Amino acid sequence: MMTGKQQYRMGGDGTTSRRMISRVAIVLLFAVFACATDSSAYQPGQSGAQEYLYKRAWKLRMNDQFQEAYDTFASFLEKDDGASPLLEIKADWMMGNLQVRMGNIVRAREHFKRGMPMWDPLFSNIVNEEDRLDLVRSKTLMLGAYAGVEASAGYLSHSRKLIEEMRVLNGEGTRLSNETIRSANADGRRVHTKTIAANQEAEFLYATGSAKLAFYAARFDASRKWWQRAIDSPRSQSIAYSEGNALFGLLQLEMLLENAPEILRLVDRISKVPKDPQYPTLWNDNEVLQIFITARSEGVTPALLKAEQTASERFGNNQYLALLLALAGQYDEARAVSDAAIKAAREGGRQMQLAALLCDRWEICMDRPDDGDVGVSLFESLMLYRDFGLKIYEPKLYYRYACFCLAAGQPETARLTFEQGFDLSERLGLPNYSFRMLLGLAACFENLNDPVGAAIARRRAEQYRGQHSGLLATLDSEMAWLFQLPHTVPPATSLAASASQLSADESSSVQEAPSATAPPVVMAPPATPQRIILQPRSITTCVLPGESARTRFALVNAEGQPIDGVLRLLAPQHQVQWSEDASGWTASIAMTGQSNSPALPISLPADQLSFITLEMEADFGECVTNTIHFEGNPGLEGTWEVSLSDNQATVAVMEASHIERNPFYTIPFYHEFRSRSSDGPVLRNLRIVTSRPCRVELASLTQQRFIALDANGNGSFDDVGDDLYVDADHNGSPDITIAAPETPEVLQILVFPAIDDGLGSVDVGIYTDEKGTWQLQAVDSITTTPEME
């Protein structure tokens with residue numbers, strides 16, 4: 001198949017650069033880390049000196065003397081007195097755990113990464129089943145700890161691989177355990193308690209790790225089942241810290257889903273779990289949270305506010321105190337508490353806590369919702385969450401940023417953000433936020449003095465409410481303040497700028513899809529605003545003989561008032577027939593040997609996106625170039641080149657596009673993947689590679705779900721911020737499944753250039769795996785220019 005090459009043009013001055021965010025020690029995402037349940041056991045060949053050091057280090061660790069324990073384990077490893085390799089690995093493992101306790105994730109990763117390759121030589125030399133069981137369970141526990149560190153550091157994709165390896169080892173460990181127990185029963189021997197304890201801990205860690213990773217991938221039902229499995233496990237029932245952590249993990253899930261009854265039940269249940277004096281943080285945080293939730297559901301009282309202040313001072317957790325002060329209307333006090341908490345999180349390198357605190361600035365500044373500090377804080381929070389690949393927290397940021405924009409007199413930017421936020425919320429399965437976005441759209445249209453648009457948005461919201469019975473009853477009142485904002489109609493230039501962004505949301509897709517994020521600041525308008533914007537400027541499609549072709553253009557009226565015009569499609573030797581529906585117009589193109597391109601009078605409402613779909617029948621000839629015009633705007637045209645391909649690949653990327661885009665916005669590409677196999681569903685691995693560092697997000701429009709996140713666009717998924725949502729063959733690459741030739745898979749590729757350094761372009765290569773070889777299917781490119789043409 002012929003490779004398509006496309007160009008994007010972006011407005012702006014080319015000076016924007018993304019701020020680099022440090023990744024020092026962060027708050028741990030995995031609640032539980034493995035402890036060496038049998039670490040103090042004497043090993044054959046161990047010298048007395050090393051035995052003493054090892055046991056001393058273990059005792060120091062149990063007394064919470066983490067630095068002293070770490071130094072003693074290091075001394076143990078420095079000696080070469082014949083200690084067993086297994087004990088040396090366990091020492092490295094414990095040093096990694098100690099670094100986690102001391103808040104240094106980077107050092108912890110170094111220990112785990114160094115220790116993992118040392119296991120294989122041990123396995124190859126062990127034949128005794130009890131010794132092999134010891135190895136299997138020890139490695140399983142270390143995998144659990146390593147997976148937790150990787151997730152904490154943002155290596156979600158690698159964490160998934162470790163959890164999968166842990167699953168396989170769990171199966172082997174269970175088999176060996178059962179055989180050991182049967183053998184012991186047959187011989188009248190007692191099964192060693194360390195075997196049972198290791199089994200229980202490994203199963204618990206596997207359940208909690210799986211629950212967390214399912215949560216990050218927005219597979220909430222699966223996550224809930226894994227958390228319940230961890231809560232019900234023998235480990236949870238016997239160790240309070242494990243039970244508390246599993247319950248707290250489930251609480252975080254229910255809080256994201258805003259499941260109020262379950263939140264109250266879980267907070268109360270955690271408070272009744274006996275506090276573990278070695279690890280009090282979880283119970284302390286729960287106490288602070290419990291007071292806040294009570295105030296939010298029953299109302300703020302002086303007694304509750306005093307209790308929150310006392311608990312926050314005791315435990316050093318000011319996040320919920322700041323929110324509660326804002327809820328009580330004490331905004332200045334809330335900001336002071338929030339400022340101190342943000343400063344402490346920055347200085348301590350607690351990036352995940354910092355992201356949450358910055359996100360909360362919107363609630364803490366509700367008395368002045370147009371404060372520019374709110375927009376800056378929300379943007380930084382979004383970047384932090386994206387750095388760790390955590391899409392699940394983005395809908396809240398979209399909603400709050402859109403509210404900020406509307407309050408700041410930017411209703412068009414707010415409208416676009418609400419629309420994008422709705423699509424994102426639907427894709428992640430967060431209906432409360434979907435409903436918020438629809439109500440926000442109604443507020444935007446009212447602010448723009450558009451009663452028709454507001455009525456349509458309200459009707460969409462009511463229909464959505466009828467389809468989702470579990471929505472929060474308070475959402476209408478929560479949004480009420482947006483409908484009370486002063487109406488602000490922005491100048492035409494700002495509308496042109498916003499509409500030009502919207503027009504780029506559609507390139508070569510065959511169906512409507514969202515872009516990924518709102519801009520951090522309002523884009524400067526082009527020097528000469530365009531009245532009408534047509535996107536893309538060009539599309540290339542390659543098909544096999546006998547295949548039909550299809551594409552889509554977008555047309556935006558950015559003038560701020562209705563415009564009448566004429567659409568005309570020039571298709572040599574072909575006949576064009578127009579039809580119209582709610583989304584726009586469709587041109588059906590058939591080869592007749594004669595050119596027949598009737599003009600189509602149309603009316604474009606102000607600030608509205610419409611679609612022009614082109615469909616070409618099979619057997620159109622060797623190559624056809626179609627040109628679409630909106631007459632009345634010189635130079636406003638788009639071209640569609642359709643050609644035949646001799647590429648017999650079983651999966652084909654059908655299109656490549658050329659779009660103008662502003663650098664502050666995400667850049668979406670759309671590609672149709674078509675199967676040419678009659679042997680049933682086809683699975684194909686994907687790889688997207690950008691010529692400069694870019695964040696790349698892949699989503700299936702056919703299945704309405706995310707597929708993968710590549711934080712730097714290098715085609716690998718083992719880096720910080722990377723994640724694989726769909727990897728059916730577990731080979732480390734995202735994949736799509738095409739059901740049949742007549743049901744193509746439509747892929748949305750969202751590109752966030754990391755740095756606009758004025759180099760002029762970013763190439764985006766789309767590859768598929770064809771029989772073990774990566775084959776370049778299409779190349780998209782983003783081009784920056786001083787201003788939009």
Side-chain angles (χ1 to χ4, degrees), residues 362 369-370 374-375 378-379 394-426 433-461 464 475 479-506 512-523 525 529 533 535 554-562 582-583 604-611 661-662 664-666 668:
W362 179 78
D370 58 345
V374 174
L378 293 175
F379 175 60
E394 289 190 21
K396 179 188 288 188
L397 287 157
Y398 275 49
Y399 162 66
R400 293 182 171 186
Y401 185 79
C403 291
F404 160 72
C405 289
L406 188 55
Q410 303 164 24
E412 271 301 303
T413 303
R415 183 178 67 82
L416 296 172
T417 308
F418 279 129
E419 283 282 12
Q420 295 168 9
F422 173 78
D423 292 323
L424 177 60
S425 301
E426 286 291 276
Y433 276 96
S434 295
F435 188 65
R436 282 184 176 94
M437 306 299 178
L438 293 176
L439 288 175
L441 281 171
C444 287
F445 284 114
E446 287 197 9
N447 193 281
L448 288 166
N449 296 307
D450 183 350
V452 175
I456 293 173
R458 284 184 178 277
R459 186 161 59 249
R460 286 177 66 188
Y464 193 86
L475 289 178
M479 298 289 294
W481 70 277
L482 281 176
F483 293 92
Q484 300 168 8
L485 292 172
H487 287 197
T488 303
V489 180
T493 53
S494 295
L495 285 175
S498 298
S500 66
Q501 183 272 328
L502 180 62
S503 66
D505 278 350
E506 288 294 325
E512 184 175 359
S515 52
T517 184
V521 296
V522 180
M523 176 182 80
I533 298 170
Q535 301 282 6
L555 193 61
V556 179
N557 170 13
E559 185 66 11
Q561 59 185 5
S583 65
L604 294 174
D607 310 312
Q608 181 167 316
L609 169 70
S610 301
F611 298 110
R661 190 63 184 216
N662 180 276
F664 290 119
Y665 294 84
T666 177

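Because the structure is a prediction, the values reported are computed rather than measured. Positions are given from 1, in the same order as the sequence printed here.
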Closest contact, heavy atoms only, Asp370 versus Ala407: CB-O, 3.6 Å
Gap separating the CG atom of Leu378 from the NZ atom of Lys396, nearest 0.5 angstrom: 11.0 Å
Validation row, ring centre Tyr401 to ring centre Trp362 under 6.0 Å: no
Interatomic spacing from CZ in Arg436 to CG in Leu482 - rounded to 0.5 Å: 11.5 Å
From OG1 (Thr417) to CG (Leu397), nearest 0.5 Å: 11.5 Å
Electrostatic pair Arg415-Glu446, nearest N-O below 4.0 angstrom: no
Arg458 charged N/C atom sitting above Phe483 aromatic ring, 6.0 Å / 45°: yes
For the student: nearest non-hydrogen atoms of Ala454 and Phe445, plus distance: N-CB, 3.3 Å
Spatial distance of atom SG (Cys444) from atom CD (Glu419) [nearest 0.5 Å]: 9.0 Å
Spatial distance of atom OH (Tyr433) from atom CG (Leu475) [nearest 0.5 Å]: 9.0 Å
Minimum heavy-atom distance between Ser425 and Pro395, given as atom pair plus value: OG-CB, 3.5 Å
Interatomic distance, Phe418 atom CZ to Leu439 atom CG [nearest 0.5 angstrom]: 9.0 Å
Parallel, tilted or perpendicular: ring planes of Phe422 versus Tyr464, cut at 30 and 60 degrees: perpendicular
